[in-house]
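Working notes, structure below.
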Amino acid sequence: MQNMLTLISNVFRLGNASKNVGTRMVVSARSFADFTPQASFPIKKCDLHRLEEGPSDEALLTREQGLQYYRTMQTVRRMELKADQLYKQKIIRGFCHLYDGQEACAMGIEAGINPTDHLITAYRAHGYTFTRGVAVREILAELTGRRGGVAKGKGGSMHMYAKNFYGGNGIVGAQVPLGAGVALACQYQGNNQVCVTLYGDGAANQGQIFESFNMAALWKLPCIFICENNKFGMGTSVERSSASTDYYKRGDYIPGLKVDGMDVLCVREAIRFAADYCRAGKGPIVMELETYRYHGHSMSDPGVSYRTREEIQEVRTKNDPISMLKERMLSNNMSSVEELKEIDLEIRKVIEDAAQYAISDPEPSLDELCNHIYARDPPMEVRGTNPWVKLKSVS
Amino acid sequence: ECRLGGSAKRSYSITSCASVFQVNVRDALNQAMDEELERDERVFLLGEEVAQYDGAYKVSRGLWKKYGDKRIIDTPITEMGFAGIAVGAAFAGLRPICEFMTWNFSMQAIDQVINSAAKTYYMSAGFQTVPIVFRGPNGSSAGVAAQHSQCFAAWYGHCPGLKVVSPWNSEDARGLLKAAIRDDNPVVFLENEMMYGVPFELSEEMMHKDFVIPIGKAKVERQGTHITLVSHSRCVGFCLDAAAVLAKEGVECEVVNLRTIRPLDVDTIEASVMKTGNLVTVEGGWPQYGVGAEICARIMEGPAFNYLDAPAVRVTGVDIPMPYAKILEDHSVPQIKDIIFSVKKVLNM
């Protein structure tokens, strides 16, 4: 093993060796044969509310899964950082709420549910838009307001949709009853699907969330309510906004779990547990994911007036979700530094291409202005800014 | 073919059909919902007291007994929550009818109606449809005072992405509710509690299970030559009563029943005004920024202005919160004499 590693590093250090196809292929073939196919990791036990048992305290990770999770989380990370860059260049405008730091939540959830399950979240939605299947270029082009954006440039950062993904919602808390409604549809249609309904610590005090808890519990809706607790609702810390910060207990009569949201495996095991619970017809369940955002609330918030740079740095060094996964994989020989670097380079290219697309794609045509008012209706006239401007609207 | 397409352009005659049914507005709504529930299993009704109580105003009487808990759902008193749930269900493929016990309570949920329902098809660039009907009694009732008497036609009529419908009689109630339920867009359906018990004659054609009235088309209820009265909901009846009185004095009023607040059928109004040369709008709601205000603005901006012999005026509810005492309440809403008075003023009689 040690000899092989020396061999590999020698190969790379010899500069143009990477252009020697033969050598490279030999290296790759040896790498795959030597990697550990899967390993079991102990994960933090979840705090439980009204539950006798919780998710497993051990998670099995295969090499394929590990690489997939790494790739996905790193893509989200890089995509968000690119959005930051484009925003500072004033190519993205308006609201832009970035998700970097919270990647394990989106990835862990997607890993634990099926593509046929449903998901809805609030405005910090770019990560979920990606994990739910929208390409990076369509996300960035939506942020830059171009016709190639997933909502043709008409929605923007907070209003991106995909199959079984209901956005992207701008009004704090409004997505929670919507998610419970999606769950009602699942139950009504008897399709054994669940709806993951996300909200933040800031939204957690909204009355409509408690209204949703009540109806979901009464009617046993297959709804997984998830509070992504990143410690701050905009500039207000949880201690200053909430009389009770035990968000996983706020469902009261609804069982709850508190989950380490920085550990993708923890999140995955928890969501699997929750989805099983719902699919068994037991009703809704509440999850709190303890997580952290590196950026401020939005691009107009530097994020350091209500927390210290030291705190942010500490999370980056000690608790970063991508680093955590990387260390696990490397220390168990499930991948190599080189392989992960290779993935990083591929991701960088994807992001660069997507950014190029997002910058160069044209803005929507003015003909689009009044379209999509009504669905499946004949074309109609829409008044413009003055009575002589009559615009056309098609479905 | 049972559609009454083009009915706006001809006056409807009862004698053309063989059998005639006496149906009050409540029963027309009830039958419409019953038929649509039967026709499409994705349709369901939710709201306060809609199931086991048979409906606060008995509009959903018998439906729970027939369709059960799955399709007729009693909700707790949590409008914001259940309106949002209804919209979410519409996102995911169902066709909910969400009842507000009165439209006054919709203010608790107005964010879900506007931001979650009305705007979503546009924001998603045509990806996400929201086939939902919000319905319930709107406007003034009798003796229920200020917080229970507001008309929301102007508020909801203001918003692109919504269809807003305001039926007057049983034909309207039946045809428009069926159309609303079959429509793939969010529809605000404004009923009127005082009309629920009023019977009207429905033809066999109208009783057909596929009878729908197109949303967005007004109907000329009475032909006239001297002045156009445009109204919606209960006030249409007052206009017809005023027209009957005025006819005795030789004034022939054309009465236009809007049926739909949004999209507004400006063409029918314009055609009528271009014929009569005079316009009075009549509504129960407050004057400022109201339905009548919009109609007058549209007439000003369009070809009909040149045909006006006098300025168009509005008859509206008085610009105050609704009082309780009967004498005060009676003087807070347009009465037939107010319409007659306004017509005569406009015609300089």
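In what follows, every chain begins at residue 1, and chains take the letters A, B, ... in the order their sequences are listed. Keep in mind that this is a model prediction, so the values were computed, not measured.
Contact annotation for B:E79: only backbone heavy atoms (N, CA, C, O) come within less than 4.5 Å of a heavy atom of chain A. Contacts of A:I209 with chain B are absent, with no heavy-atom separation under 4.5 Å from either backbone or side chain. B:K119 does not touch chain A: none of its heavy atoms, backbone or side chain, sits under 4.5 Å away. Proximity to chain B (any heavy atom under 4.5 Å) is restricted, for A:W219, to the side chain, taken from C-beta onward. Residue A:N386: no heavy atom, backbone or side chain, is found under 4.5 Å from chain B. Both the backbone and the side chain of B:P263 come within contact range of chain A, with heavy atoms under 4.5 Å apart. A:N371 touches chain B through its backbone: at least one of N, CA, C or O sits under 4.5 Å from a heavy atom, while the side chain does not. With a 4.5 Å cut-off on non-hydrogen atoms, A:I373 touches chain B through its backbone and its side chain both. Residue contact with chain A, scored on non-hydrogen atoms closer than 4.5 Å, involves the backbone of B:R42 exclusively. At a 4.5 Å heavy-atom cutoff, the contact between B:L162 and chain A is made by backbone atoms alone. For chain B, the nearby part of A:Q189 is the side chain; its heavy atoms alone come within less than 4.5 Å. Neither the backbone nor the side chain of A:A216 comes within less than 4.5 Å of any heavy atom of chain B.
Between B:F152 and B:Y156, the angle of the ring planes lies from 30° to 60°, which puts this pair in the tilted group. The aromatic rings of A:H118 and A:Y166 lie parallel to each other, with less than 30° between the two planes, well short of the 60° mark.
B:E48 and B:F82 make their closest contact through OE2-CE2, 3.4 Å (heavy atoms, listed as atom of the first residue, atom of the second, distance). Across A:I92 and A:A83, no two heavy atoms sit closer than the pair CD1-O, 3.7 Å.
Interface remark: of the candidates A:A174, A:G155, A:G173, A:A180, A:A174 forms the most heavy-atom pairs closer than 4.5 Å to chain B. With respect to chain B, the highest number of heavy-atom pairs below 4.5 Å among A:E211, A:H372, A:R383 belongs to A:H372.
You'll find the ring centres of A:F95 and A:H97 inside the 6.0 Å limit.
Relative to the ring axis of B:F44, B:R71 does not place its NZ or CZ within 45° and under 6.0 Å from the centre.
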